[in-house]
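Written out below as structure tokens is the structure these notes cover.
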Number of protein chains: 2
Amino acid sequence: MSDKNKYVRVIDASHADCHALAETLGRIGDKWTVMVVGTLQDGPLRYNEIHRIVDGISQRMLTLTLKGLEQDGLVTRTMFPTIPPRVDYELTELGRKLIVPLQGLYDWAVEHRADMLAARGRFAEKQRAAVSRSSSTTLR
Amino acid sequence: MSDKNKYVRVIDASHADCHALAETLGRIGDKWTVMVVGTLQDGPLRYNEIHRIVDGISQRMLTLTLKGLEQDGLVTRTMFPTIPPRVDYELTELGRKLIVPLQGLYDWAVEHRADMLAARGRFAEKQRAAVSRSSSTTLR
DNA sequence: CTGAATCCACCAAGATACTG
DNA sequence: CAGTATCTTGGTGGATTCAG
């Protein structure tokens with residue numbers, strides 16, 4: 001495990017392995033999954049507790065997101081057949097391990113968000129300049 | 001910068017900051033972005049070189065993906081006004097920094113993909129069991 | 001070669017209402 | 001409380017064609 005990284009210079013040797021990363025991002029890279037995982041990192045929560053915390057998510061999307069996470073073994077679903085019913089969701093060991101690389105990405109996002117926004121601004125500027133230049137040449 | 005992490009226990013303190021991560025994942029978490037970044041990590045490439053390597057991506061999606069990456073300042077676009085035209089794409093410093101956290105996620109994906117597939121199998125099994133149970137109770 | 005433009009199919013996701 | 005069912009819609013992505 002430790003000697004594995006010695007020979008891995010970058011993301012992967014063959015680009016075929018890159019599909020693994022793309023596949024994983026396809027699962028957790030949607031709009032809600034990481035936020036739900038984020039709310040669960042401090043301990044188990046009930047359905048409506050998550051619903052209140054994430055705020056903005058619809059019942060449908062919360063249900064689908066939780067089902068997807070359960071399907072991938074990232075959270076456990078515990079049902080208490082009481083009245084009223086109670087369902088707890090909790091990160092599994094696998095889910096907690098996911099938080100580590102997610103943390104790395106989070107740090108990157110926080111640290112470089114300003115750079116990205118600045119780049120957006122410069123890009124928009126260049127776009128407007130290019131448009132005005134092409135329109136002036138075509139109109140005359 | 002170094003003392004910042006001392007007070008960050010997990011992903012974030014307030015859930016509001018979690019939006020930064022969700023926002024970033026929304027940009028790079030699509031089907032093609034990480035694969036394009038992966039192909040560019042070894043050096044600059046031309047449009048058609050990327051097109052051949054990524055294989056499966058349409059011209060439209062490649063163009064849109066590259067434009068998005070350029071917009072966010074993750075790649076640079078260099079145009080040579082020759083005939084035939086030639087355009088090089090290269091990771092910026094910001095883009096190369098992104099590879100580090102991406103590597104972490106990649107390692108997680110490779111290491112735990114088997115676990116996820118196993119969890120999928122167990123989930124499908126439980127689903128089928130639940131369906132057959134409910135159908136047998138309703139039919140009798 | 002490097003795109004842009006157009007058309008189209010699919011589905012992800014929101015709103016709403018209903019159920020056990 | 002914890003979902004499911006249904007409808008609707010905006011956007012995403014693929015195929016194809018055109019252009020500089």
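It should be emphasised that the depicted structure is a prediction, and the values quoted were computed from it without experimental measurement. Here is the naming used below: chain letters follow the sequence lines, and residue numbers restart at 1 for every chain. For the numbers below, each heavy atom of this structure counts, side chains included, while hydrogens, waters and symmetry mates do not.
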| request: Kindly point out which of D/dT4, C/dC1, D/dA2 is positioned nearest to the side chain of B/Pro85? | output: C/dC1
| task | Round to a whole Å and report the spacing from CG of A/Asp55 to C1' of C/dG14. | result | 15 Å
| field | Relative orientation of the end axes in the helix from C/dC1-D/dG20 to C/dG20-D/dC1, expressed as an angle to the nearest 10° (five pairs per end) | value | 40°
| To the nearest angstrom, how far is B/Leu64 atom CG from D/dT12 atom P? | 10 Å
| Nearest to the side chain of B/Arg60, which nucleotide is it out of C/dG3, D/dG3, D/dA15? | D/dA15
| field | Given D/dG3, D/dG14, C/dG3, the nucleotide with the shortest approach to the side chain of B/Ser58 | value | D/dG14
| query | Would you say C/dG3 has OP1 or OP2 under 4.0 Å from some side-chain N or O of B/Tyr89? | reply | yes
Identify each donor-acceptor pair in which a side-chain atom of residues 62-74 of chain B lies under 3.5 Å from a protein atom, sequence neighbours left out, and give them as a table.
| from | atom 1 | to | atom 2 | distance (Å) |
| --- | --- | --- | --- | --- |
| B/Thr63 | OG1 | B/Tyr47 | OH | 3.0 |
| B/Thr63 | OG1 | B/Gln59 | O | 2.9 |
| B/Thr65 | OG1 | B/Met61 | O | 2.6 |
| B/Asp72 | OD1 | A/Arg120 | NE | 2.4 |
| B/Asp72 | OD1 | A/Arg120 | NH2 | 3.3 |
| B/Asp72 | OD2 | B/Arg27 | NE | 3.0 |
| B/Asp72 | OD2 | B/Arg27 | NH2 | 3.4 |

| B/Gln59 has an atom CD; how far is it from atom C1' of C/dA4, in whole Å? | 10 Å
| Do you reckon A/Val75 sits in the same ILVMFWY cluster as A/Met79, going by side-chain contacts under 4.5 Å, direct or chained? | yes
| query | Should B/Arg46 be listed as having a side-chain N or O under 4.0 Å from OP1 or OP2 of C/dT2? | reply | yes
| field | Value in whole Å for how far the P atom of D/dA2 lies from CD1 of A/Ile50 | value | 9 Å
| message | Whole angstroms only, please: what is the CG-C1' distance between B/Asp88 and C/dT2? | response | 12 Å
| Derivation and outcome, side-chain contact (heavy atoms from CB on, under 4.5 Å), residues B/His51 and B/Ile57 | CA-CA 7 Å; B/His51 195 192; B/Ile57 193 173; 3.8 Å; yes
| message | Which heavy atom of A/Thr39 sits nearest to which heavy atom of A/Val36, and what is that distance? | response | OG1-O, 2.7 Å
| task | Apply side-chain contact (heavy atoms from CB on, under 4.5 Å) to the pair B/Leu98 and B/Leu94, showing each step before the final yes or no. | result | CA-CA 6 Å; B/Leu98 177 60; B/Leu94 188 60; over 6 Å; no
| Quick one: A/Leu62 CG to D/dA2 P, roughly how many Å, whole number? | 10 Å
| query | Are B/Ile28 and A/Phe123 grouped together when hydrophobic residues (ILVMFWY) are joined by side-chain heavy atoms under 4.5 angstrom apart? | reply | no
| remark: Atom CE of A/Met61 and atom P of C/dG14 are separated, to the nearest Å, by 6 Å
| query | Nearest to the side chain of B/Val87, which nucleotide is it out of C/dG14, D/dT4, C/dT2? | reply | C/dT2
| query | Atom CH2 of B/Trp32 and atom P of D/dG13: how far apart are they, to the nearest Å? | reply | 10 Å
| task | Could you please name the option among D/dT17, D/dG3, D/dA2 that lies closest to any side-chain atom of A/Arg86? | result | D/dA2
| task | Could you go through the side-chain contact (heavy atoms from CB on, under 4.5 Å) check for B/His19 and A/Met35 one step at a time? | result | CA-CA 8 Å; B/His19 289 290; A/Met35 305 203 59; 3.4 Å; yes
| task | Check whether any side-chain N or O of B/Lys31 sits under 4.0 Å from OP1 or OP2 of D/dG14, and answer yes or no. | result | yes
